[in-house]
Amino acid sequence: MARTFTRPKIALIGAGQIGGNLALLAGQKELGDVVLFDIPDLEGLAKGKALDISHQMPVEGADTKITGTSKWEDVAGADVVIITAGRPRKPGMSRDDLLDVNVQIMKDVANNVKKYAPECFAIVVANPLDAMVYAFEKITGFPKNRVVGMAGVLDSSRFRLFVAEKLGVSVEDVTAFVLGGHGDDMVPVVPLCSVGGIPLTQLMKADDIKAIADRTRKAGGEIVALLKTGSAYYSPAASAIEMAESYLRDKKRILPCAARCDGEYGFKGLYVGVPAIIGKGGVEKVLQVELNADDKKALDVSGSHVQELVNEVAKRLA
Ligand code: NAI
Ligand code: 2OP
C-alpha cells in the first residue's frame with residue numbers, strides 16, 4: 001500500500017505586507033503548504049499574491065502549494081497559524097495607538113482560529129504585540145505552549161545588525177537578546193550579547209553600546225518614518241518564519257519571544273518578551289536568566305507598560 005505523506009499546513013491570516021512575505025519565505029523554505037487568508041473584500045489580494053508566489057516555486061525548486069482565500073474553511077486543520085491581521089502604524093503613531101482597531105480584528109480572527117484550527121501553534125505578529133498575544137489567548141483559551149508572539153527575534157536581529165556593522169564583523173557571530181515588551185521601552189540585555197562568544201562589553205565602548213541600544217528601541221519607528229505608508233515587513237516576516245521553522249522542525253531554538261510568564265521574571269500571567277525554547281511542543285520552556293539590577297528594573301518597567309495595555313484589552317474583551 002502506498003504511504004500517505006502529509007505536509008504541514010501553514011495558515012497566514014492577513015495577506016498584507018508581512019503576510020505576503022511570510023508566504024514567500026514559507027514557500028522558499030518548503031516549510032509546508034501555505035494558505036494566505038484575508039477578508040472577503042481583499043480575496044483578490046490573497047489569491048493574487050498566492051498565485052504570484054506559486055509561479056516562483058519552480059524557480060526555487062520548491063514543491064510548496066500556496067493558495068489564497070477569504071474562506072475560513074480553507075484554514076481548517078492548520079498546524080501553524082501566523083496572525084498579521086491588523087493595521088500597521090503610520091508616521092506619528094505609536095504601536096499602542098493601534099490597540100482599539102486591532103483588538104476588534106483580533107476578536108474575529110481568534111474566534112475563527114479557535115473554530116477552524118483548534119490544534120495549531122499560533123504566532124501573533126499584530127501590534128501592539130504583547131497585548132494582542134494576550135487577547136488571542138484570552139479569546140481562544142489555547143494552552144500557553146501553543147500561543148506566542150513575535151517581536152524579540154526582530155528586535156534582537158536589529159541589535160545584532162547594528163553591532164556587526166559597528167565592529168565590522170559578520171552578523172552570524174553576533175548573539176543578542178532584546179527582551180520585554182515590543183515598545184520603546186524594550187530591553188536590549190547587553191550582558192547576553194556576545195560576538196564570537198566574546199562579551200560585547202569587551203569589544204565595544206559603553207557609549208557605543210548605548211547608542212546601538214537606543215537605535216534598536218526606535219528602529220521600527222525609523223522605518224515607519226521612511227516608508228510613510230506602513231511599517232517594516234521583510235524583517236518581521238523572516239523573524240516569524242524562524243519561529244515557525246523551529247516549531248515545525250523541532251529545532252528547539254532559544255529565541256526571544258512573547259511567551260506567557262507565570263512567575264518567571266516576577267511576571268504573573270503576562271505575555272512579554274523572554275528567551276524561550278521553541279520545539280515540537282510549541283513554547284517548551286521559558287528560560288529564566290539572571291539579570292543585573294539595571295536590566296531587571298528596565299524589564300519591570302517594560303512589563304508594567306505591557307500590563308497597562310493588557311488591562312485595556314481586558315476591558316474591551318469583557
Ligand atoms: P498590512 O496592512 O499590510 O496587512 C494587514 C492585513 O490584515 C490587511 O491585508 C488586512 O486586510 C488584513 N486584515 C484586517 N482585518 C482582517 C481580518 N479580520 N481577517 C483577516 N485579515 C484581516 O499590515 P502589515 O504591514 O502586514 O502589518 C500587520 C501587523 O503587524 C500590524 O499590526 C503591524 O503593526 C504589525 N507589525 C508587528 C511587528 C512585530 O514585530 N510584532 C513588526 C511589524 C509590524
Ligand atoms: C516594528 O517594530 C512597527 O512593530 C513594528 O517594525
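The first residue in the sequence is number 1, and the count goes up from there. Whatever order the structure lists them in is the order used to number ligands and atoms, beginning at 1.
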For ligand 2 and Arg89, I'd like to know whether there is a polar contact (N/O to N/O, distance under 3.5 Å). no
Note: heavy atom closest to atom 23 (O) of ligand 1, options Pro40, Gly14, Pro88, Gly16, belongs to Pro88
At under 4.0 Å between heavy atoms, what of Val224 touches ligand 2? The answer is neither
Atom indices of ligand 2 within 4.0 angstrom of Ala232 heavy atoms, with elements: 6 (O)
Has Ser156 got a side-chain atom pairing as donor or acceptor with Val153's backbone, closer than 3.5 angstrom? no
What protein heavy atom lies closest to atom 8 (C) of ligand 1? Include the residue and the distance to one decimal. Asp38 OD2, 3.5 Å
Is Arg146 positioned over the aromatic face of Phe121, cation under 6.0 angstrom from the ring centre and no more than 45 degrees off axis? no
Residue Leu154 vicinity, atoms of ligand 1 by number, heavy atom under 4.0 Å: 40 (O), 42 (C)
Residue, atom and distance of the protein heavy atom nearest atom 37 (C) of ligand 1 read Val125 O, 2.9 Å
Interfacing atoms of ligand 2 (cut-off 4.0 Å, heavy-atom, Gly220): 1 (C), 2 (O), 6 (O)
Asn112 side-chain N/O to Asp108 backbone N/O, donor-acceptor pair under 3.5 Å: yes
Of all the atoms in ligand 1, which lie at a distance below 4.0 Å from a heavy atom belonging to Leu98? 34 (O)
Where does Asp41 meet ligand 1, judged by heavy-atom distances below 4.0 Å: at the side chain, the backbone, both, or neither? neither
Where does the angle between the aromatic ring planes of Tyr116 and Trp72 fall among parallel (under 30°), tilted (30 to 60°) and perpendicular (over 60°)? parallel
Please evaluate residues Asp250 and Lys252 with respect to the criterion salt bridge (charged side-chain N to carboxylate O under 4.0 Å, His left out), reporting the C-alpha separation (whole Å), side-chain torsions for both, the decisive distance (0.1 Å), and the verdict. CA-CA 6 Å; Asp250 192 25; Lys252 303 201 191 294; 3.0 Å; yes
Which heavy atom of the protein is the closest neighbour of atom 22 (C) of ligand 1, given with residue, atom name and distance? Ala85 CB, 3.5 Å
Structural part of Val109 in contact with ligand 1, heavy atom criterion under 4.0 angstrom: side chain
Atoms of ligand 1 under 4.0 Å from any heavy atom of Leu42, numbered from 1 in the order shown, are 9 (O), 11 (O)
Ligand-side contact atoms (ligand 2) for residue partner His182, heavy atom cut-off under 4.0 Å: 1 (C), 2 (O), 4 (O), 5 (C)
Going by distance only, is there an N or O of Arg87 that falls short of 3.5 Å from an N or O of ligand 1? yes
Give a yes/no verdict on whether any heavy atom in Ile223 is under 4.0 Å from an atom of ligand 2. no
Ignoring angles and geometry beyond distance, decide whether Met150 reaches within less than 3.5 Å of ligand 1 through its nitrogen or oxygen atoms. yes
Carefully, step by step, assess Phe159 and Phe177 under the rule ring pair (Phe, Tyr, Trp, His ring centres under 6.0 Å). CA-CA 8 Å; Phe159 189 89; Phe177 281 90; over 10 Å; no
For Leu98 and Arg87, work out which heavy atoms get closest and say how close. CD1-O, 3.4 Å
What protein heavy atom sits nearest atom 16 (C) of ligand 1, and how far away is it? Ile39 CG2, 3.5 Å
Short list, please: which atoms of ligand 2 are under 4.0 Å from a heavy atom of Ser231? 3 (C)
Output the list of atoms in ligand 1 that are nearer than 4.0 Å to some heavy atom of Leu129, sorted by atom number. 41 (N)
Would a single hydrophobic cluster contain both Ile82 and Leu45, if residues Ile, Leu, Val, Met, Phe, Trp and Tyr are joined by side-chain heavy-atom contacts under 4.5 Å? no
To the nearest 0.1 Å, how far is atom 26 (O) of ligand 1 from its closest protein heavy atom, and which atom is that? Ile18 N, 2.9 Å
Lys/Arg N to Asp/Glu carboxylate O, Arg95 vs Asp184, below 4.0 Å: yes
Could you see if Met186 belongs to whatever hydrophobic cluster contains Leu309? Use Ile, Leu, Val, Met, Phe, Trp, Tyr and a side-chain cutoff under 4.5 Å. no
N/O separation below 3.5 Å, Phe37 to ligand 1: no
Would Leu291 and Leu270 show up in the same hydrophobic cluster when neighbours are defined by side-chain heavy atoms closer than 4.5 Å? yes
Compare every heavy atom of Ala258 with every heavy atom of Asp130, then report the nearest pair and how far apart it is. OD2-CB, 3.8 Å
Compute whether any side-chain donor of one residue and acceptor of the other, for Gln288 and Tyr265, lie under 3.5 angstrom apart. no
Distance-only N or O hit between ligand 1 and Tyr233, under 3.5 Å: no
Can you get from Val274 to Tyr134 by hopping between Ile, Leu, Val, Met, Phe, Trp and Tyr side chains that sit under 4.5 Å apart? yes
heavy-atom search around atom 18 (N) of ligand 1 in the protein gives Asp108 OD2, 2.8 Å
Looking only at N/O atoms, are Asp155 and ligand 2 under 3.5 Å apart anywhere? no
His182-Asp155 side chain donor-acceptor pair, cut-off 3.5 Å: yes
Among all protein heavy atoms in this structure, tell me which lies nearest to atom 34 (O) of ligand 1, with the distance rounded to 0.1 Å. Asn127 ND2, 3.0 Å
Considering non-hydrogen atoms of the protein only, which is the closest contact for atom 6 (O) of ligand 2, and what is the distance? Arg158 NH2, 2.8 Å
Ligand-residue contact atoms, ligand 1 with Ser231, heavy atoms, under 4.0 Å: 44 (C)
Those residues that, when tested against Lys251, pass side-chain contact (heavy atoms from CB on, under 4.5 Å) (two or more places apart): Glu245, Ser246, Arg249, Arg253
Side-chain donor-acceptor pair present, Gln104, Asp100, cut-off under 3.5 Å: no
Among all protein heavy atoms, pick out the one at the shortest distance from atom 28 (C) of ligand 1; state its residue, atom name and that distance to 0.1 Å. Thr84 O, 3.0 Å
Which of the atoms of ligand 1 are close to Asn102, meaning less than 4.0 Å from one of its heavy atoms? 32 (O)
